[in-house]
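To keep things clear, I will list the structure first and then write my remarks on it.
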Amino acid sequence: MFKRYIPRLNDFIRLTRNIWTVNLSESNVCLKQDKYEEEIKFPYVWLRDNCRCPKCFHELSHSRTILIRHFNFDAVPTKTYVTDELLEIEWNDNHKSTFSVPWLTKKQFTNEAQKNWKENVFKDNKIIWTAEQFPRILKKFTFSNILERDSELLSWLESLAIWGVAFIDNAGQTEGKNQLLAERVAFLKQTQYGNVFRVEAKPETTNVAYLSAPLQLHTDLPYYHYKPGVNLLHCIIQGEEGGENHLADCFAVAKEIKEKNYEIYSVLRDTNVIWSDKCYEDGRYYHSIHDAPVICENKFGEIERINFSQPQRDSQFNVPLEHVNKWYNALRAFSELIYSPKYSVRFQMKPGEILTFDNLRLVHGRAEYNGHRCVEGVYLDWDHIYSRIRVLRANYSYQKKK
Ligand SMILES: [Zn+2]
């Protein structure tokens, strides 16, 4: 009897699978997909180093376990074949490796693949903003949603990564709400001001933030090598009058300076400034010092961190005499822009609201106020925020596949 062929899911997958061929060049294994002309190349040494067999790689810890002192840097494939999107390599040292081709294609040595990794796995691209754009870029979240829903937690952290600022409302007026948010991410960043700090007028304080006088635009703790990445400021009690919050995106300010006056930009980038703080907190004296420019760039020319704090800039200034005026001239340009209407935003927080922002990128300040005002603050670190973003995104794609 004629048996009707009913396609099964596996057959379908096989039909839609890409057909790959493999070739060897002098030092690369070259993969080619049937529909494309271009080859994807992987150096022998990289493949041997990234072998996924249990002798070379510990799956559970996602860690390479090849002993470097026994590693064969000169291994050469003797046989290669590719079937069902699996590349198999036999090496001249009697080792055998199997690679998933889709896994390899993500790791290919092209600008496009590496850019894709940088933006989608490593860190989100930041988008700079002006005061005019601020109302549109400011995303608002509800406290209980972040606590209850991973999708909301992810959106909040993505907003922080991309725009450097996000607002959370309906957090109530009791203490400890920032800790609950921090625990959704990882844990609090501790500093000399404690795990949690209360910004309110304090008699005999050793920090100007604890006065009711205006607080100039600044980044927190520029005197730390490991400066906290993100501030969470929970408004518990707002003063009777004044106390407006003030923000500016220094990455946008720096970009304008770079485009309009590169000389000034390079002075801000290349001059080390000494940031310092002497304080007495919780029964101890502290004297913290960090030595870094106002604008810190990485080796790709991307800005990584802004340091700015008028009260915590030390009088010790280790530059040649003839450089001093040049630096003050650059400082004047930077200060004028952060306070300019183009970049400077002001708003009044209501009790129960939490302002969260990137302390490596934004400057923040506060207007003078009357009456009792209490803001509870904590810090988070970017290492943990990006880590949470990656884990949440991985969970989502896993759920989608199911
Ligand atoms: Zn191996």
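One-based numbering, in listed order, for ligands and for the atoms of each. Here the structure is a predicted model, which means the values were calculated and not measured.
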Asp169 and Lys140 ion-paired at < 4.0 Å
no
List in chain and number order the residues that pass ring-ring contact (aromatic ring centres under 6.0 Å, His included) with His246, two or more places apart in sequence or in another chain; answer none if no residue qualifies.
Tyr339
Contacts of the Zn ion (ligand 1) with protein N/O/S atoms, counting only those under 2.8 Å
Cys51 SG, Cys53 SG, Cys56 SG, His95 NE2
Taking only residues two or more places apart in sequence or in another chain, which ones pass side-chain hydrogen bond (donor to acceptor under 3.5 Å, both in side chains) with Glu158?
Arg393
With ring-ring contact (aromatic ring centres under 6.0 Å, His included) as the rule and sequence neighbours excluded, what pairs involving residues 286-306 come up?
His225-His290
In this structure, which one of Asp381, Asn359, Val230 forms a side chain to side chain contact (heavy atoms under 4.5 Å, CB included) with Lys189?
Asp381
Output, in order, the C-alpha distance, side-chain angles, deciding distance and verdict of ring-ring contact (aromatic ring centres under 6.0 Å, His included) for Tyr379 and Phe197.
CA-CA 9 Å; Tyr379 297 116; Phe197 52 93; 5.0 Å; yes
